[in-house]
2 protein chains.
Amino acid sequence: MLRAAVGVADERGIESLTMRRLADVLDAEAMSLYHHVANKEEVLDGVVDVIAAEINEAVGRLTLPTKGARWKPAARLRVLTAREVLLRHPWAPRVFVSRTSTSAGILEYYDGLLAIMQAGGFSHDLCHRALHTLGSRALGFNQELFDPGDAPTGPEAAAAMAGMAERFPHLVGMLAEVAHDDPDSTLGWCDAQTEFEFGLDLILEGLDRMRDTV
Amino acid sequence: MLRAAVGVADERGIESLTMRRLADVLDAEAMSLYHHVANKEEVLDGVVDVIAAEINEAVGRLTLPTKGARWKPAARLRVLTAREVLLRHPWAPRVFVSRTSTSAGILEYYDGLLAIMQAGGFSHDLCHRALHTLGSRALGFNQELFDPGDAPTGPEAAAAMAGMAERFPHLVGMLAEVAHDDPDSTLGWCDAQTEFEFGLDLILEGLDRMRDTV
DNA sequence: ACCTGAACACCGTTCAAGT
DNA sequence: ACCTGAACACCGTTCAAGT
């Protein structure tokens, strides 16, 4: 049933995951679901567990060494592997942030990340700060509020840019040059992947520096 | 009307902000709102604009110098000032991340942040990467997936910890020591404030280092 | 032009009734 | 024990009708 819920979200989007539709897919008529879950929240909790299990299965196959300075490439690969799973379920981050309680599967994922950091020599306190600093990046996604690289294109783009240039001069200046330097910057998630890795590496390097000095 | 919407969200939570309740508060009977907005999405867009205006008003009063190395404390204060506004509207981050288009007020906020970075000598490309790296932190909040410092308390805490210790040894070890080192770590947003500033400073320092070398 | 009430299509959920 | 259909309370939204 939870697998069916993930299937519905994958195929028609998370907003289409309603109790009625889920029952339809299961060939059960409508409201029988409530004999297996207390309410929809429990369905979403279960969905998170399914995705977490998929992530844990993927990162469980990793075999990089983790001692000392090797912690960094090991943590990096773990995060990017989790990200690969999430890229197959683009709706999952939204469900993750909507949960109030934490799934055991997510705790298991974090526990493995902590194992890497502790093998690298992190104190418990630095581990704690590291998890907060990484935030959702630890699981492979970064909540973007708007895409600064998403410059307007099309016929009226030039006019819109001119109007915006007065109100947001620095922003428009940046967009013009970034778009010029990298014409592929708006082509799908390739760019987002580069940006994600940039931010991840910046944080991991900052943490590594503290490992040496704190 | 948008101010009334913010008031409803402040007093009863964002989930209580329905078209019917909003009309009630405005002493208009129900469905007259649709003569002023196309749909609820437009109401939420407007709510974002109201909060963005409040943020811009607050950061507009700041007067720190921004040239060269001074960019860092200036950017830091700008972000923490935005955070102060959001702490008065704890539901706002959830509305922010739910918007697909970006409000002009948010663009204005980003434009001012870019002005600081450019005064500090950032290239357009590094500005772009910096915004992506900061993500929601640029606006003063960090999407937490679960609070690793939120150790269980109460009578059955010890038993729960013992059960969890087998499955999540590193996590439980960390929680035990962090809770021991800092018994106040679960008392409200003080802790979250410390953690937010830690992550913010780590990122700002990493960006500052790149300013010198890239 | 602006407001209104009834109605529609949808949602999560309850409940008494079936097997 | 498990499933079902009708119903309830709520939501966003439409529409014809009022002033």
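Naming convention: chains lettered A, B, ... in sequence-line order (proteins, then strands); numbering from 1 in each chain.
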Query raised in the report: Dot-bracket, DNA chain C: Watson-Crick or G-U, under 3.5 angstrom, [ ] crossing, | other strand?
Result: ||.|||||...|||||.||

Query - Under 3.5 Å: donor-acceptor pair, side chain of A/Asn142, backbone of A/Arg137 - result: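 No.
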
Query raised in the report: B/Asp49 side chain to B/Ser103 main-chain N or O, any donor-acceptor pair under 3.5 Å?
Result: no

Requested in this report: List for me each residue that meets ring-ring contact (aromatic ring centres under 6.0 Å, His included) alongside A/Phe196, sequence neighbours excluded, and say none if there are none.
Outcome: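 A/Phe196: no ring-ring contact (aromatic ring centres under 6.0 Å, His included) contacts found.
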
Requested in this report: Tell me, please, which residues at least two apart from A/Asp125 pass side-chain hydrogen bond (donor to acceptor under 3.5 Å, both in side chains).
Outcome: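 Scan of A/Asp125 (side-chain hydrogen bond (donor to acceptor under 3.5 Å, both in side chains), adjacent residues dropped) gives A/Arg129.
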
Query raised in the report: Is B/Ser32 near enough to C/dC2 that one of its side-chain N or O atoms lies under 4.0 angstrom from OP1 or OP2?
Result: no

Report task. Give a yes/no answer on whether the side chain of B/His36 brings an N or O atom under 4.0 Å of OP1 or OP2 in C/dC3. Result ->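 So the side-chain polar atoms of B/His36 do come within 4.0 Å of the phosphate oxygens OP1 or OP2 of C/dC3, strictly under.
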
Query - Length of the line joining A/Asp24:CG and D/dC3:P, which is rounded to integer Å - result: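 Result: 15 Å.
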
Report task. Round to a whole Å and report the spacing from CG of A/Asp27 to P of D/dC3. Result ->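 Result: 13 Å.
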
Requested in this report: Using the six-membered ring of B/Phe141, assess whether NZ or CZ of B/Arg94 lies under 6.0 Å from its centre and within 45 degrees of the ring axis.
Outcome: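 Negative - B/Arg94 is either too far from the ring of B/Phe141 or too far off its axis.
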
**Report entry** Non-neighbouring partners of A/Asp10 that pass salt bridge (charged side-chain N to carboxylate O under 4.0 Å, His left out), sequence neighbours left out
**Finding:** none

Report summary line: Nucleotide by nucleotide, nucleotides 12-19 of chain D touches protein heavy atoms under 4.0 Å in the pattern (B base, S sugar-phosphate only, - none) BBB-----

Pairs of donor and acceptor atoms involving the side chains of residues 35-43 of chain A, under 3.5 Å and at least two apart or interchain, shall be tabulated with distances.
| unit_1 | atom_1 | unit_2 | atom_2 | d |
| --- | --- | --- | --- | --- |
| A/Asn39 | OD1 | A/Glu41 | N | 3.3 |
| A/Asn39 | OD1 | A/Glu42 | N | 3.2 |
| A/Lys40 | NZ | A/Leu17 | O | 2.9 |
| A/Glu42 | OE1 | A/Ala38 | N | 3.3 |

Query raised in the report: Is the distance between the ring centroids of B/His128 and B/His132 less than 6.0 Å?
Result: yes

